[in-house]
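Only heavy atoms go into these numbers, but all of them, side chains included; no hydrogens, no water, no symmetry mates. Being a predicted model, the structure only gives us computed values, none of them experimental.
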Amino acid sequence: MTTFPLLAVLLPFLAAFAGLLLSRWPRGRARQSNGPAAHVGGTPADEDSARANRRAAWIAVVPTAAAAVLAVWLAWGQGFAFLDGGARSVPVGDTYGAIDTGGVPISLTLQADDLSGLLGVLVTLVALAVQIYSIGYLKDDPRYPSYSAFISLFTSAMLLVVYAGDLLVLYVGWEIMGLCSYLLIGHWWEDRGNSRAAVKAFLVTRLGDVGFLFGIFVLGGAAGSFRIADVLAKVPEMSAGTLVAATMLLLAGVAGKSAQVPLHTWLPDAMAGPTPISALIHAATMVAAGIFLVARLFPAFAAARPTLDVLAVLAALGMLGAALAALAQDDLKRVLAYSTVSQLAYMAGGLAAGSDTATIFHLITHGAFKALLFLCAGVVIHHVGSNLMSQMGGLRRELPITFAATTVGFAALMGLPPFSGFFSKDAVLVAMEGALAGGLTDAAALLLYGCALATVAVTGAYATRAWLRTFFGRTRTVALPEPEPGTAHVIDTREAPPTMLVPVVLLAVPAVLLGFAGGLHLDAPVAVISVVLALLGAAVVYASWRSDPVADPARLLGPLRQPCEQAFYVDHLYAAVIARPIVALAGLVVRTDDTVVDGAVRGSGRSARGLSGLLRLAQNGNVQLYVSGLLAGVLLIVVGAVMFT
Amino acid sequence: MHIVYPAVVSALLFSIGVYGVLARRNTILVLMSVELMLNAVNLNLVAFDVWLGDRLHSGQVLTLFVIVIAAAEVGVGLAIVLALYRNRRTVDLDYLRDLAEPADGPTPGNPTVTDQAQTQRHTTDDQPVERDHGDGRPAGRGGKS
Amino acid sequence: MTEAMPSYLSPTGQEIIFLLLGAVAVGSALLVVTTRQLVHAALWLVVTFGALAGCYLVLTAEFVAWVQVLIYVGAVIVLLLFGIMLTRAPIGRSTDLDSGNRPAAVVVALATAAILVTVVIDGFRMAYTPLTPGQGGAAELGGSIFSTWVLPFEALSVLLLAALIGAIVLSRTDITGANGTNQRGDGPNGLSRTDTPGGGSPPDQTGGH
Amino acid sequence: MTSWLPVALLAVPLLGAFLLLVAPSLLRPILPAYGMVVSGVTLALAVALVATFDHGQAGRPQATVDLPWVPGLDLRFHLGVDGISLPLVALTALLTFLCFAYLGWGDARRPGQLLHPRPGGARPRALVFTLLVLEVGMIGTFLALDLLLFFVFFEIVLVPMYFLIAIWGGAERRGAAVKFILYTLLGSVVMLLGLLLIWAQTGTLDIVALGQAHGAGMSRAVQVLAFVAVGLGLAVKTPMWPLHTWLPDAHTQAPTVGSVLLAGVLLKMGTYGFARIAIPILPEGAVAVAPWLGAFAVVGIIYGSLACLAQRDLKRMIAYSSVGHMGFVLLGFATLTTVGINGALFANVAHGLITGLLFFLAGAIKDRHHTADIPSLGGGLLARLPHLGAVLTFASIASLGLPGLAGFWGEMLALLGAFQPADVLPRALFLTFMAIGGLGAVLTAAYFLVMLSRATHGVPSVPLPVSAGTGPDDHPADAIVRPAADLAAWETPDERPVAPVGAVPEALDIQRYELVAWVPLIVLILLFGLWPQLLLSLTTPAVQTLLGALS
């Protein structure tokens, strides 16, 4: 049992390497001969790449399934005790060695306690769903083996973060996740837009991670060890200053990874990656890592009051701004991306309010229904061929199963009663209301609670808008271009291949039932208020949609629409304030390096040659000049001799 | 007889000779100035010989030898001047600038002479030597000027 | 020394003659190096050497004086005049006899003069010797040359021979040099040769002018 | 202990080089194999040295040889190896062997393999001779335990590297080679003055004795002066920020093998000098100069990263990245703590492996496209040469310091050292250094990813003809020419004007000789990345003895 965390981490890790190296091995002719014939179906190249894809699929899915089983077993061992605040059970895990850095040692410990058990289950299940889904989604993609390998690598990195017992081991997993998100966002790197989005994602998270590393240094320095258990044990003895500094720096990492306000700009652009990736990485797991970290080190954060206030303010701004932005987006995936930013800010608010159990409960339910929404969006996009909602409509008849699943997802997102979202959001709202009394400084608590309620309404609005514009209204059928003579269009009238639909249905189940796993303790007034607000938002959008089904309900925002669509021009601000000046500075550095520093070196060479040039002038061939010089020299010597002897 | 007088006279003669050598343009005048310097030396030798009352008269004997050598020297000097005149049409020292450094000197780009570029030897002759044309054709016969 | 050393500032009769001759020599030497006419320079040189011969006489070195007159005035000046003639130097006033190096020359010359004169005066202010005639006669010198100085004398004759041959080789154009090249251009008598004489002289690689 | 190993390590390459002079005709036909054999034997000896090394006492110099060399001046031929120099000796032997494998594997006719005589004269025999002499100099520097012997080997390295750049280099190789050798010689002269000052003050040249004495017998002023002098010489070689301008020129003009050894080993000799000579022997000097060293190091990090961001030439960019990485190493040394110096030594070895691989790749790309100018590569390397693009991505990610790969641990420990510098050093100053170093790490990630996005991503905008097979067994060329319509679909809003490439690139993906040279590096990068304890267990005890009073 104690080696399960290690196995859970190692299995996907080995799967990644196996997928990368073995999927096409032995290197038959497949690799070389994907020549022009590749586009005409049925050539040996296609069989080879199809065989490679099948083998890569198996290499990817089986280890993830095994890891899922291990994770469930571990969580079962911990008794799912975390959610109902039960007694913290004994963590299961082992230390596999220590790195002696000469100062604070790094110990390679992997352990699963109740919190990480839960997260482990969420990660492995969503990863399994996405792997299976991707088989159908990227059926004839030549780079599927590397894609599935990177997903396995991501899964192992996320599990490393979840099961890490040492802060630096957690940091290693943390950064490898960033790398995988870079590689997967840039999966279709032919289009430079995707490549740029990937670079942006990596750099913004990397900026946050530097702050995160410094936070770890502060904690490690203060506690004398990087082990999480030791750090948490030493928290009461740490000075307030160290704690605030450490938690604020950790907050930078959290903001980077969980796309919180200052460093959130990368998440909407990350939608350039394939949809399963958005589902796995940018909805359920990686973005949740930040929240998980705060929950993991919650005693440290709880003791640092100023940090919680800052977190509350950032969360408030984040949730409302992102929700409004989601209301004005035309791209379905960007709507869901901004919705994720908003929900994460929601969870951050929950943490700031002082309740990590409610937050983790909402994290898990959100992971489930947001992954569901993304996978459904994938099916819709797969069917329509474009992300833009303006080109969708009336799909409820063509995609019945997806319609049902999406309805469940949006209902859970809005927090309507029977679905899981209602219970977890309610728990967070209760925590925020509780914070009004103590926990936070009054202004921050008030702002937080106010924004939370406003966000519930706006969430209802954008969820309904997306729902209506996608599945209702007139179907905009786009005529396919005239087929080349002799070939006919192969229309796949079926909704989506089973490999895509099965995960969707599977994920719909927790989206509905997960709410009841949280112990069913409801707070009536808060629940009623949230449902009323959600339905109010939905009603307003429904009314404006009813009046003109074709037009975009976002027109309700009026003058605010354009800023909301551009997410309040934060991107342009960063580009103008950070990106462009750095590139200009780089150009300046190269110029100065060439003229000043190198100039000095070349200059010294030139001046030496110049000096020699002067001396050469004396060699003008005039013999008399030489003799005069000679005699003058002799005279000087004579004078010297006479004078000094 | 105070030895100071001949010594001063010879010193003056010597420096006049130095002036002549350094200032005169015509080579023959330079030779004359050299003769002057030699005579200054001779005067000195004789003066000191007499002053020291040398039994071997080494001073005066040396003066004789110097006179002989001076004569030989003028002979060879003038032969050189003639050869110089025959080749250069002039005997002015100012125009004989062959010892001068070439104006361009080693190109600043690559201070060391690259081995590929075959060094074009500067000839002392005014007439540039016909270089071997790239296509291996031997240099054409120099036209008579 | 027998009588008290007279200061060099009050010269006796001999010294006055010597000073006069010295002044003539220096004056004519100055004219040699400053005259504008080339041939006058040679002639002033004759005056200088004559004055020097006088000086030798005053210093009781008769033999040297006569040798001086004989060789210097007789042979060297004549040779120089021949040189002037052969290089067809301009007769009469020619303006540019002084080269660009004149200022440096003046400085160096004055410096030399100043140093030598000061050192000599400082060193030999008190040096005085009575002149006894007859010391510099031919007999005396002959005896010493052919007794103690025989070896240099013989060496000198070899030197003269070498100088003679050198001068001949340099001045004759039909004697080929070591690498088979000979200086083309005008022959010994100064006439510029218009074309290569027949096949006689070897093909010229250095391409004369 | 086997004290003959260090001598053998020097003798084998020297004999190899000497044989080349003595029997050229005999060795010419088997030249590629000969190079590999000699460097292979040296590698085997290095591995033997690692195996027989007593890991328990890594602090104590082992396998020492101490023979009188110049009795008059009591100079001693004193060799030995300890925790600090062992990894570097092994790294040198490995990189040299990989260079020979790169040059000579297979029929040695492929692009980048200079060992077959071709028109224009690649002078293969001279190349093997130069590389072997270079190897002697490099290994000697790491083995020397006598100041003058260290200096002699430090100088021996310059001459072969000069010829390597001047003869087999690129277009303006002569200027670059001259600048390289003059700049480094100037630095070395200043270092020599420092060494002589130490010799004059203490009367001994033995590094081990001086190290244990920890600057006894030398006043503070003398120690500071000597540290500055020795430091300057080493800083030129490292290179430290203001003294770095010889590096980009040398690298852009050096041949692939030259660049690998220049970046992989020669830069390490500068930093090794700090660990072996400057800090242990002149502790008070080190304490006085450390803040300045830290400042220059940090400026170097930012300066190098910014310079890389605006570079167009791939090899020049990697050269500037070396300036940045060496900034981290110097920052580690400046902290004067065990953690910091451990980090510096780890980053040293990691940089050798990673930048060695990067320069192999840059050379491979340059040999295929006949240009290293990133825009004129036309982008889309992953489409045209997928394996080469994949390895380039791997190397770049390793170089930007991704945890799990070797590049991370060195930089992280250097930053950790800067977080808690030696208590004699100003804490606030080093915290700002740490912050700036962190920003430098972000900038490093920025320029590598921008380079990757420009070079490997996008659609190859240069149409690929059928490449003329250079070898009989060459597989039919895969002319991946996408239909024009498809190209138009992917609008490529690349902001860089893409200049059409003159000579058309050959579409040969990774060849066997390249695989042989690169796989060991990749494996080692992964190994040290996943399990850094391998290296840290060696350097930690050695660094503790080195710091002595300070730690």
Side-chain angles (χ1 to χ4, degrees), chain A residues 20 29 31-36 39 97-104 106 146 157 168 171-176 178-179 182-183 186 189-196 198-199 202-203 206-207 210-211 213-214 217-218 220-221 582-583 585-590 593-594 597-598 600-602 605, chain D residues 179 182-183 242 244-246 303 306-311 337-339 341-343 380 382-383 397 402-404 408 412-413 415-417 419-420 434-435 438-439 441-443 445-446 449-450 453 456-459 475-476 478-481 483 490-494 532-533 536-537 540 543-544:
Chain A
L20 273 176
R29 310 306 288 178
R31 187 66 215 103
Q32 279 80 29
S33 59
N34 54 0
H39 293 284
I99 298 175
D100 171 19
T101 64
V104 179
I106 303 167
S146 70
L168 268 166
Y171 182 78
V172 168
W174 189 272
E175 284 260 344
I176 295 181
L179 171 77
Y182 160 75
L183 292 170
W189 36 258
E190 281 88 359
D191 174 1
R192 285 224 184 268
N194 300 349
S195 163
R196 259 202 298 279
V199 169
F202 188 82
L203 288 186
R206 175 82 183 206
L207 186 63
V210 168
L213 183 66
F214 291 161
F217 284 171
V218 173
I582 283 190
V583 171
L585 194 62
L588 180 72
V589 157
V590 168
D593 184 62
D594 197 27
V597 183
D598 211 11
V601 173
R602 285 199 302 271
Chain D
K179 181 189 265 190
L182 287 186
Y183 214 134
H244 67 284
T245 46
W246 58 272
Y303 191 94
L306 285 176
C308 288
L309 209 57
Q311 283 303 332
T337 58
T338 319
V339 177
I341 296 182
N342 256 342
L382 276 173
I397 285 170
L402 183 88
F408 166 69
M412 189 274 287
L413 288 177
L415 291 177
L416 184 55
F419 177 68
Q420 287 165 329
M434 177 186 81
L439 280 181
V442 176
L443 281 174
L449 294 183
V450 164
S453 133
T456 58
H457 293 169
V459 174
H475 51 75
D478 41 3
I480 313 167
V481 180
W490 304 111
E491 48 89 19
T492 56
D494 178 19
Q533 186 60 8
L536 290 175
S537 61
T540 306
V543 167
Q544 265 144 7

Problem - Side chains of D:Met412 and A:Ile106 in contact at under 4.5 Å (non-hydrogen atoms) - result: yes

Problem - side-chain contact (heavy atoms from CB on, under 4.5 Å) between A:Leu585 and A:Leu588, worked out - result: CA-CA 5 Å; A:Leu585 194 62; A:Leu588 180 72; 4.1 Å; yes

Exercise for the section: Under 4.5 Å heavy-atom distance to chain D, tell me which part of A:Ile582 shows up: side chain, backbone, both or neither. Expected result: both

Handout entry: Interchain contact, D:Tyr303 with chain A, by part (heavy-atom threshold 4.5 Å)
Key = both

Exercise for the section: Answer whether the closest heavy-atom distance between the side chains of D:Phe419 and D:Val339 falls below 4.5 Å. Expected result: no

Problem - Part of A:Leu213 lying under 4.5 Å from any heavy atom of chain D - result: side chain

Handout entry: Proximity breakdown for A:Phe217 and chain D, heavy-atom pairs closer than 4.5 Å
Key = both

Practice task
Identify which of D:Gly417, D:Ala445, D:Pro242, D:Gly404 forms the greatest number of heavy-atom pairs closer than 4.5 Å to chain A.
Solution key: D:Ala445

Practice task
State plainly whether the residues A:Asp598 and D:Lys179 are in salt-bridge range, i.e. N to O under 4.0 Å.
Solution key: yes

Fill in the blank from the handout: If one checks every heavy atom of A:Leu168 against chain D at 4.5 Å, the contacting part turns out to be side chain

Exercise for the section: Could you tell me if the ring centre of A:Tyr171 sits under 6.0 Å from that of D:Phe408? Expected result: yes

Fill in the blank from the handout: Among A:Ala600, A:Gly102, A:Ala586, the residue with the most heavy-atom pairs under 4.5 Å to chain D is A:Ala586

Handout entry: chain A interface, residue from D:His457, D:Gln533, D:Met434 that has the most non-hydrogen pairs under 4.5 Å
Key = D:His457

Completion exercise
When the 4.5 angstrom heavy-atom criterion is applied to A:Ala98 and chain D, the contacting part is backbone

Handout entry: Proximity breakdown for D:Ser453 and chain A, heavy-atom pairs closer than 4.5 Å
Key = both

Fill in the blank from the handout: Heaviest contributor of heavy-atom pairs below 4.5 Å to chain A, chosen from D:Leu443, D:Leu413, D:Thr540, is D:Thr540

Problem - Proximity breakdown for D:Leu416 and chain A, heavy-atom pairs closer than 4.5 Å - result: both

Completion exercise
Max heavy-atom pairs within cutoff under 4.5 Å with chain D, candidates A:Leu179, A:Leu207, A:Ile176, goes to A:Leu179

Fill in the blank from the handout: CH2 of A:Trp189 to OG1 of D:Thr456, rounded to nearest 0.5 Å, is 7.5 Å

Handout entry: Student check: side-chain heavy atoms of A:Glu175 and A:Arg206 closer than 4.5 Å
Key = yes

Exercise for the section: Evaluate the criterion side-chain contact (heavy atoms from CB on, under 4.5 Å) for residue pair A:Phe214 and D:Leu415; output intermediate values, then yes/no. Expected result: CA-CA 9 Å; A:Phe214 291 161; D:Leu415 291 177; 4.2 Å; yes

Handout entry: Which of A:Asp100, A:Val104, A:Val210, A:Val199 touches chain D most, by non-hydrogen pairs under 4.5 Å
Key = A:Asp100

Practice task
With a 4.5 angstrom heavy-atom cut-off, could you sort out which part of D:Ile341 is near chain A: side chain, backbone, both or neither?
Solution key: neither

Handout entry: A:Val172 portion near chain D, given a 4.5 angstrom heavy-atom threshold
Key = both

Exercise for the section: Please lay out, stage by stage, how D:Tyr183 and D:Thr245 fare under the test side-chain contact (heavy atoms from CB on, under 4.5 Å). Expected result: CA-CA 9 Å; D:Tyr183 214 134; D:Thr245 46; 3.4 Å; yes

Problem - Flag, side chain of D:Asn342 to backbone of A:Thr101, donor-acceptor distance under 3.5 Å - result: yes

